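Quick caveat, the model's predicted, so the values are computed rather than measured.
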Amino acid sequence: MNTENIKSSFGVNERGYYGQFGGSFIPEMLYPNVEELRERYLEIIYSPEFQQEYHQLLRDYVGRPTPLYPAKRLSEEFGAQIFLKREDLCHTGAHKVNNTVGQILLAKRLGKHKIIAETGAGQHGVATATVCALMGLECIVYMGSHDMERQKPNVERMRILGAEVRPATSGSQTLKDATNEAMRHWINNPQETHYIIGSVVGPHPYPDMVARLQAIISEEIRWQLKEKTGSELPTHVVACVGGGSNAAGAFYHYLDEPQVKLVAVEAAGKGVSSGQSAATTALGKPGVLHGSQTLLMQTEDGQVVEPYSISAGLDYPGIGPMHAHLFHSKRAQFIAITDADAMDAGIHLARKEGIIPAVESAHALAALKELPLQPSDVVVVNLSGRGDKDLETYIRWGGY
Amino acid sequence: MPVTAIQNRLDTLFQEKAENILNVYFTAGYPSLNDTLPVLKALEKGGADIIEIGLPYSDPVADGPTIQASNQKALDAGMTMKLLFEQLKDLRNEVSVPVVLMGYFNPVLQFGVERFCQKCAEVGIDGLILPDLPMYEYREFYKPIFQQYGLHNIFLISPQTSEARVREIDENSSGFIYMVSSASITGAKKGITEEQIRYFERINAMNLHNPRLIGFGISDRESFQLASRYAKGAIIGSAFINLLTGSQNLEHDIIQFVKSIKENNK
């Protein structure tokens with residue numbers, strides 16, 4: 001694995017900053033835990049024993065490498081070579097498990113017996129409950145009580161896996177509030193507990209750590225693309241961004257390849273200017289939430305605004321600091337896709353390629369229409385998750 | 001605008017009063033939007049030595065349900081930073097005890113750190129407690145601004161804070177150090193355990209430059225007196241918010257509450 005040696009100009013510095021974004025804005029009560037993680041994460045992750053166990057689990061348990069599928073009919077339609085990176089085929093149904101496998105191995109090496117996590121749609125919660133079952137660790141997942149209503153099957157999946165699901169009843173009762181509750185739990189239980197954050201958000205070193213654990217996605221894309229096209233480099237990598245973990249993983253090994261266009265797709269909800277949107281780069285300003293300085297949807301007075309998207313995995317009011325920097329430095333292009341366009345793209349993929357994508361991933365697919373593509377272009381779309389969890393959303397939407 | 005160099009009220013207080021210093025926290029704009037100044041006045045009348053005004057925030061991660069709810073109620077009522085500074089315009093005609101602002105960093109950042117500090121100096125604020133503004137960021141980016149406006153920056157320490165870091169915090173703090181009594185959010189734990197007392201004694205033995213006040217889990221006279229044995233005094237927050245929540249006669253209830261805490265103290 002060559003991840004260790006990446007010294008990207010888009011990577012994090014030793015204080016946890018990506019340009020002006022990042023840092024570690026946490027109360028002192030969290031400092032010892034976060035500092036311990038900061039001091040040890042690289043040493044642990046790149047130890048030979050960790051690497052061996054991590055890769056073995058990714059292969060035998062998660063089902064990696066995931067295929068890089070040449071989508072023939074989509075390619076014909078868009079007039080470019082389109083590949084789908086099939087993270088939807090990971091165990092538990094999304095890329096989230098790459099991170100939880102890594103962090104559970106890390107937690108064990110830190111001597112932590114108890115795991116907490118936050119979840120929005122439930123995918124990260126399920127991926128966390130899964131690895132906790134695998135390792136026999138106690139697991140508590142915080143989930144907004146509103147999201148628990150919206151995502152009942154995932155709540156039950158977590159419970160079947162032996163996790164305790166605790167409702168976050170404060171604020172808007174969604175992902176940001178679940179994150180607040182998980183942080184409060186960690187403040188109250190600092191000694192034996194590790195907090196598995198599900199995205200490239202939070203105080204340093206979380207954004208960098210989660211990006212490195214998701215970097216397996218682009219590591220595989222490089223060799224898979226070489227096998228299929230003769231070159232490791234596509235012209236475009238397209239991924240959806242809520243907090244941004246699947247995009248971070250898909251972009252990671254291309255950050256320093258300027259000829260590869262990085263396309264980050266945010267949820268426009270009912271339209272960027274509709275007041276019901278989660279398009280953070282379009283609507284946000286620099287601010288601090290959940291431990292890092294990033295782009296944030298907020299009022300003039302600095303109160304965090306509740307975002308909206310049909311996709312529960314994209315309605316987060318911020319984005320990871322790495323993405324804020326990619327946006328600010330113009331290294332990545334950001335596109336906002338509405339609910340309607342995403343749902344159409346999801347159904348379209350089902351009809352064209354026989355794959356029902358997660359509504360999050362459908363946002364990335366919908367961006368294909370927005371890109372001026374040439375026949376010589378090679379586009380990799382990161383299909384971050386499968387649509388099983390979204391069946392009810394598809395049914396309610398109709399149009400098929 | 002140049003700021004008149006006046007002695008910081010926190011410094012004066014800690015020079016003049018050696019023990020049993022009572023700091024009471026309440027949320028700006030709570031229980032009703034325009035109660036900020038009346039609550040301040042009643043607290044002083046009752047005998048509070050320091051008053052800590054909370055800046056309401058949508059995502060207060062270090063606070064328990066009581067303070068969260070008070071934050072949300074104040075925000076729903078229309079509390080903003082701008083309004084707070086208007087409410088505090090005549091603060092120093094009405095209240096003479098030290099006043100500190102406690103809040104999360106994002107609203108301060110949006111208001112503008114320098115503009116915020118300037119406003120604080122104008123209305124007569126003595127110190128700031130910003131729990132999610134860590135030492136590194138403070139030193140690197142903001143310390144000169146705080147100092148220019150004569151504002152003490154008050155850091156927290158917790159039972160998990162290492163000795164080396166306590167020393168570092170002591171070097172970078174002024175006013176006082178906010179000693180979090182246990183591994184907890186506000187309002188979470190009641191009473192003081194043996195283990196906490198060992199922690200208080202451990203920190204006491206370090207002979208820090210800054211005075212310390214103990215907060216979190218201090219709710220009544222008994223816990224206030226116990227904590228005050230191991231520090232210059234203590235901070236009451238959630239218990240006072242609970243009192244405000246149920247009060248039909250704010251001034252009377254606040255004065256009684258503060259007196260009940262301070263009874264038999266000098």
Side-chain angles (χ1 to χ4, degrees), chain A residues 14-17 20 22-36 38 168-172 176-193 202-204 285-294 296-306 317-318, chain B residues 55-65 68-69 71-72 75-76 78-84 103-112 116 129-138 140-141 155-162 165-166 169 177-180 182-186 188-189 216:
Chain A
E14 61 170 17
R15 296 306 316 189
Y17 280 87
Q20 70 182 94
S24 185
F25 293 79
I26 47 167
E28 185 62 30
M29 294 80 90
L30 286 177
Y31 181 85
N33 272 339
V34 172
E35 181 64 9
E36 180 187 29
R38 186 182 77 81
T169 54
S170 59
S172 51
K176 102 181 156 63
D177 310 287
T179 308
N180 292 339
E181 288 305 328
M183 287 185 154
R184 290 178 184 126
H185 182 108
W186 211 19
I187 289 173
N188 285 332
N189 303 276
Q191 309 264 22
E192 298 190 320
T193 305
H204 178 62
K285 283 183 305 178
V288 172
L289 180 67
H290 296 149
S292 63
Q293 180 149 329
T294 186
L296 182 61
M297 290 171 57
Q298 54 186 318
T299 66
E300 196 188 333
D301 210 40
Q303 308 297 338
V304 181
V305 167
E306 188 54 33
Chain B
L55 306 168
Y57 184 46
S58 54
D59 295 82
V61 290
D63 286 300
Q68 285 172 43
N71 276 225
Q72 196 54 52
L75 290 174
D76 291 345
M79 198 65 212
T80 63
M81 196 76 89
K82 193 159 164 266
L83 179 59
L84 175 63
Y104 293 84
F105 187 53
N106 195 51
V108 174
L109 188 65
Q110 299 314 313
F111 193 80
F116 176 79
I129 304 170
L130 303 169
D132 60 345
L133 175 61
M135 196 161 43
Y136 170 78
E137 273 71 17
Y138 169 66
E140 203 72 2
F141 307 119
F155 282 107
L156 277 58
I157 62 172
S158 87
Q160 276 72 39
T161 308
S162 69
R165 187 163 166 89
V166 171
I169 287 171
I177 287 176
Y178 192 130
M179 192 165 163
V180 176
S182 66
S184 75
I185 53 177
T186 56
K189 290 173 188 169
F216 290 39

Does [X] use its side chain to pair, donor to acceptor, with the backbone of [Y] at less than 3.5 Å?
X	Y	answer
B:Gln110	A:Pro286	yes
A:Asn180	B:Val61	no
A:Arg184	B:Pro60	yes
A:Gln303	B:Pro56	yes

Problem set entry | Member of B:Thr80, B:Leu55, B:Asn106 meeting the side chain to side chain contact (heavy atoms under 4.5 Å, CB included) criterion with A:Asp301 |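 One option only clears the test, and that one is B:Thr80.
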
Within this structure, what is the [atom1]-[atom2] distance for the pair [X] and [Y], rounded to the nearest 0.5 Å?
X	Y	atom1	atom2	result
A:Lys176	B:Ser58	NZ	OG	5.0 Å
A:Met183	B:Asp59	CE	CG	10.0 Å
A:Tyr31	B:Phe155	OH	CZ	11.0 Å

Residue [X] versus chain B: region with a heavy atom under 4.5 Å:
X	result
A:Phe25	both
A:Leu30	neither
A:Ile187	both
A:Glu35	neither

Exercise. Pick from B:Pro131, B:Pro159, B:Ser158, B:Ser162: which one has the most heavy-atom pairs with chain A under 4.5 Å?
Worked result: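 It is B:Pro131.
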
Among the listed options [options], the residue most often paired with chain B at heavy-atom distances under 4.5 Å:
options	result
A:Thr299, A:Asn189, A:Val288	A:Val288
A:Pro190, A:Ser24, A:Pro27	A:Pro27
A:Gln298, A:Glu181, A:His290, A:Glu306	A:Gln298

For this session: Please say whether more than 12 non-hydrogen atoms of neighbouring residues, nucleotides or ligands are located less than 6.0 Å from CD in A:Glu300.
Result: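 It does not: A:Glu300 CD has 12 such atoms or fewer within range.
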
Problem set entry | Heavy-atom neighbours of A:Lys285 NZ exceed 12 at 6.0 Å |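 Yes, enclosed.
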
What is the minimum heavy-atom distance between [X] and [Y], and which atoms define it?
X	Y	value
B:Ala62	A:Met29	CB-CE, 3.9 Å
A:Gly287	B:Leu109	CA-CD2, 4.1 Å
A:Ile26	B:Pro134	N-CG, 4.2 Å

Please classify the contact of [X] with chain A as side chain, backbone, both or neither, using a heavy-atom distance under 4.5 Å.
X	value
B:Leu130	neither
B:Asp63	backbone
B:Pro65	neither
B:Phe141	side chain
B:Gln160	both
B:Leu156	both
B:Tyr57	both

Problem set entry | Salt bridge flag under 4.0 Å for residues A:Glu28 and B:Arg165 |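 Here A:Glu28 pairs with B:Arg165 in a salt bridge, since their nearest N and O are under 4.0 Å apart.
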
